[in-house]
Amino acid sequence: MPSGAPKGENCLVDMDSKAGDLFSAEDAHPTGTGGAGVLAKLWLPKGFSVSMAKEWVDRRRASIRPWAGFVDQRKFSKPRNFGEMCQRVVKNVDTYNSNYTFIFLGLILYCIISSPLLLIALAVFAGAFYIIHLKSLESKLVVFGKELTVPHQMSLAGAVSLPVFWLAGAGAAVFWVLGATLFVIGTHAAFRELEPSEMEELLMESV
């Protein structure tokens, strides 16, 4: 073994220091000063931010209505006429929009998890986009004299993964999610009775 190779504790110290360089927050961020670690390239494209997504989820969670009241069977009844049904739909969509959003996201998640081929197609899309984006960081990607922006890169990744999405039946999955969402939300909004305060608001508006 060469005399310069690290041994024992020295080896552990050397590995720890390299791990620190690899996972340091400063290096991992695209605007960091180091940029030498492998994870320095593992960041979301411009316009995408984990903090922005977290902030959006937090806002939705803060405005969500209690699920116990959302599914309380005592609050459901058949609307007396078409006009009352329309009033309920408009008001309930405004009141329970955060609940409906999480239902929509849950249906998407269920559709993805229940379809292995769709998971593979999403993995192919994510991998293609990641590779294309890394290439664009190393050098500008120019096609027909125009630089590929992030939306263009996503479109290119989508074109590459399109055959896999077609084999996975992505079109049918999209229609299923939309249909299930409209059915669940539409049924709830039409049959969920309005709260007394909401009825008073409607009466005030009509006056």
(request) Kindly indicate, with the supporting measurements, whether the criterion side chain to side chain contact (heavy atoms under 4.5 Å, CB included) is fulfilled by S77 and E84. (result) CA-CA 11 Å; S77 66; E84 182 180 6; 5.8 Å; no
Report the distance from atom [atom1] of [X] to atom [atom2] of [Y], rounding to the nearest 0.5 Å.
X: K91; Y: L194; atom1: NZ; atom2: CG; value: 8.0 Å
X: N99; Y: I185; atom1: CG; atom2: CD1; value: 10.0 Å
X: L178; Y: I108; atom1: CG; atom2: CD1; value: 8.5 Å
X: L162; Y: F125; atom1: CG; atom2: CZ; value: 11.5 Å
X: W166; Y: L117; atom1: CH2; atom2: CG; value: 12.0 Å
X: T181; Y: L105; atom1: OG1; atom2: CG; value: 9.0 Å

What are the two closest non-hydrogen atoms of [X] and [Y], and how far apart are they?
X: A157; Y: I132; answer: N-CD1, 4.0 Å
X: M85; Y: A190; answer: CG-CB, 3.8 Å
X: E193; Y: N92; answer: O-OD1, 4.5 Å
X: P116; Y: S114; answer: CD-O, 3.7 Å
X: I64; Y: F102; answer: CD1-CD1, 3.7 Å

Between [X] and [Y], is there shared hydrophobic-cluster membership here, with clusters defined by ILVMFWY side-chain heavy atoms closer than 4.5 Å?
X: L109; Y: F165; answer: no
X: W176; Y: F183; answer: yes
X: V124; Y: L118; answer: no
X: V93; Y: F76; answer: no
X: F129; Y: I120; answer: no

Using atom types as modelled and distance alone, determine if a side-chain donor or acceptor of [X] lies under 3.5 Å from a backbone N or O of [Y].
X: S63; Y: R60; value: yes
X: H188; Y: F70; value: yes
X: S115; Y: C111; value: no

(request) Check whether more than 12 heavy atoms from other residues, nucleotides or ligands sit under 6.0 Å from atom CZ of F175, and answer yes or no. (result) no
(request) Would you sort out whether R192 and D72 count as a side chain to side chain contact (heavy atoms under 4.5 Å, CB included), showing the intermediate values? (result) CA-CA 9 Å; R192 178 61 164 80; D72 188 357; 5.5 Å; no
(message) Would you say that P79 contacts F191 through its side chain, given a criterion of any heavy-atom pair below 4.5 Å between the two side chains?
(response) yes
